[in-house]
There are 2 protein chains.
Amino acid sequence: MKTTMEANVSERVHCENDSIAALLRERFSEQSTLVLDLISSPGSGKTSLIEATVRAVGKDYRIGALTGGVGTERDAERLRALGIPARQILTGGGCHLDARLVNSALSPGGFEGLDLLFIENVGGLICPATHDLGEDLKVALLSVTEGDDKPFKYPGIFSRAALTLITKVDLLPYVSFDLDAVRAELASLNPAGRVIVTSAMTGDGIWQWCQTLSDRLSAKVSVASWVV
Amino acid sequence: MKTTMEANVSERVHCENDSIAALLRERFSEQSTLVLDLISSPGSGKTSLIEATVRAVGKDYRIGALTGGVGTERDAERLRALGIPARQILTGGGCHLDARLVNSALSPGGFEGLDLLFIENVGGLICPATHDLGEDLKVALLSVTEGDDKPFKYPGIFSRAALTLITKVDLLPYVSFDLDAVRAELASLNPAGRVIVTSAMTGDGIWQWCQTLSDRLSAKVSVASWVV
């Protein structure tokens, strides 16, 4: 149980975060940038998914990425090597990104006028799910090597994510993973959520993922035009 | 940056934790119970490792387990099915175990006189590494499917863990994972740390793991006898 002082501090921190997130969301709307907060365990393939997306539709869309982490610049370096703007956010030991960190990372510029902005959160299924970053949607990734018991074990993220990607399905022949059971748990936690089965290695499901991004972006742009 | 009030709350919480952890450590020493805090990403094989250990040396040692999680009782159920005492600690959304939670879980009894007590932490590589639970050693697990860039990306746990298990090596033929590079990063972060390469599926490395536990337990018991 938290003490009153701990609860007050936590509430104030969340309130500040949500205010900054609202400003970010407004700015992303003005620029018609679709923003995706990618959340998964370490090593489920967040960076590989962004790489596969850039390879698939990098000529059609202006794509950028912010990558969260505690130890290295590796993810941002991998993405910059593909020719997109990418900036690492080092959290100083913190286990998740927050709106203030995202705002600070965008402040030096270089991310204006994008169609798609990926925010790769710090690896983890609990803390990263709890903060609004001004994104359009939270996307959860679950690799088949992590086991089919994860949705009910980590209900917070899988009930909040508008979209869940089952990743690394090229490894399905070698692991015990009941895809139907996972789909049933995800549907139970989040009836409106969508599931896409992917492999960044073989390209399975990447077209469907990019089509989903395209549809979401078109919807956002048309709403923005209508408001103007 | 944390405010002064946030820093004070955080410091007080850690101080309380360390006081309870010291009492737990004293109690575990009196009972000559070797206590291991298992830390890894979700799905790296913590529960499977405990299962493999029980199958290998469950007749030689009295083994028990506490399993941390936010959503289900699944891990404790799997372990009770093997005939060992196991209790789930549900954190109420919290991303790691702490000494108070461990103490509360032990209070109803049923874990006295054990040789080995596994504390399976909540899945994650950041927050679980930061709390003393009164354990003898923190053991990190890293599955080959998570990628070989993880030690430097999550230096906190890999520099603190006395022992790192590389898990799921049966999947090495199907993934890109440079074992030598991982060994080099681990040695750089923690020169005194040991590395064991394992597969709970094939049994690779499980004998070496159990031998390490046996050596550690013998050392702890002999020190306890000498003190008495």
Side-chain angles (χ1 to χ4, degrees), chain A residues 1-3 5-10 12-13 40-45 47-48 69-75 78 91-96 100 122-130 142-156 158-159 168 170-171 173-177 189 201, chain B residues 1-3 5-10 12-13 40-45 47-48 69-75 78 91-96 100 122-130 142-156 158-159 168 170-171 173-177 189 201:
Chain A
M1 288 287 289
K2 284 182 175 174
T3 64
M5 188 195 285
E6 286 160 26
N8 286 346
V9 168
S10 171
R12 190 169 59 73
V13 168
S40 80
S41 304
S44 302
T47 316
S48 296
V70 294
T72 71
E73 288 266 343
R74 287 176 175 178
D75 293 334
R78 278 172 61 181
T91 62
C95 53
H96 60 86
R100 187 182 49 78
V122 182
L125 290 176
I126 301 176
C127 307
T130 58
L142 171 63
S143 89
V144 300
T145 61
E146 291 171 66
D148 50 25
D149 58 349
K150 293 299 170 293
F152 279 2
K153 284 178 80 172
Y154 297 89
F158 292 107
S159 57
K168 306 193 188 187
D170 54 291
L171 296 175
Y174 315 112
V175 296
S176 171
F177 187 89
L189 288 168
M201 175 85 79
Chain B
M1 288 287 289
K2 283 181 176 174
T3 63
M5 188 195 284
E6 287 160 26
N8 286 345
V9 168
S10 171
R12 190 169 58 74
V13 168
S40 79
S41 303
S44 302
T47 316
S48 296
V70 294
T72 71
E73 288 267 341
R74 287 176 176 176
D75 292 335
R78 279 172 60 182
T91 62
C95 54
H96 60 86
R100 187 181 49 79
V122 182
L125 290 176
I126 302 176
C127 306
T130 58
L142 171 64
S143 90
V144 299
T145 62
E146 291 170 68
D148 49 27
D149 58 349
K150 294 300 170 292
F152 279 2
K153 285 179 79 171
Y154 297 90
F158 293 107
S159 58
K168 306 194 188 188
D170 54 291
L171 296 176
Y174 315 113
V175 298
S176 170
F177 187 89
L189 288 168
M201 176 85 80

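Just so we're on the same page: letters track the sequence lines, and every chain starts at 1. What you see is a predicted model; the values in this text were computed from it and never measured.
- Interface summary for chain A: among B/L171, B/V175, B/D170, the most heavy-atom pairs under 4.5 angstrom belong to B/L171.
- For A/F177, there are no ring-ring contact (aromatic ring centres under 6.0 Å, His included) partners, not counting sequence neighbours.
- B/I126 has its side chain within reach of A/V122: a pair of non-hydrogen atoms, C-beta onward, lies under 4.5 Å apart.
- The CZ atom of A/R78 lies 6.5 Å from the CG atom of B/D149; values are rounded to the nearest 0.5 Å.
- When all heavy atoms of A/G71 and B/P155 are compared, the pair lying nearest together is CA-CD, 4.0 Å.
- For the options A/P42, A/G156, A/S41, A/G43, heavy-atom pairs under 4.5 Å to chain B are most numerous at A/P42.
- Under the 3.5 Å distance criterion, the side-chain polar atoms of B/Y154 are matched with a main-chain donor or acceptor of A/G123.
- Remark: B/T72 pairs with A/F152, A/K153, B/R74 by the side chain to side chain contact (heavy atoms under 4.5 Å, CB included) rule, at least two apart or across chains.
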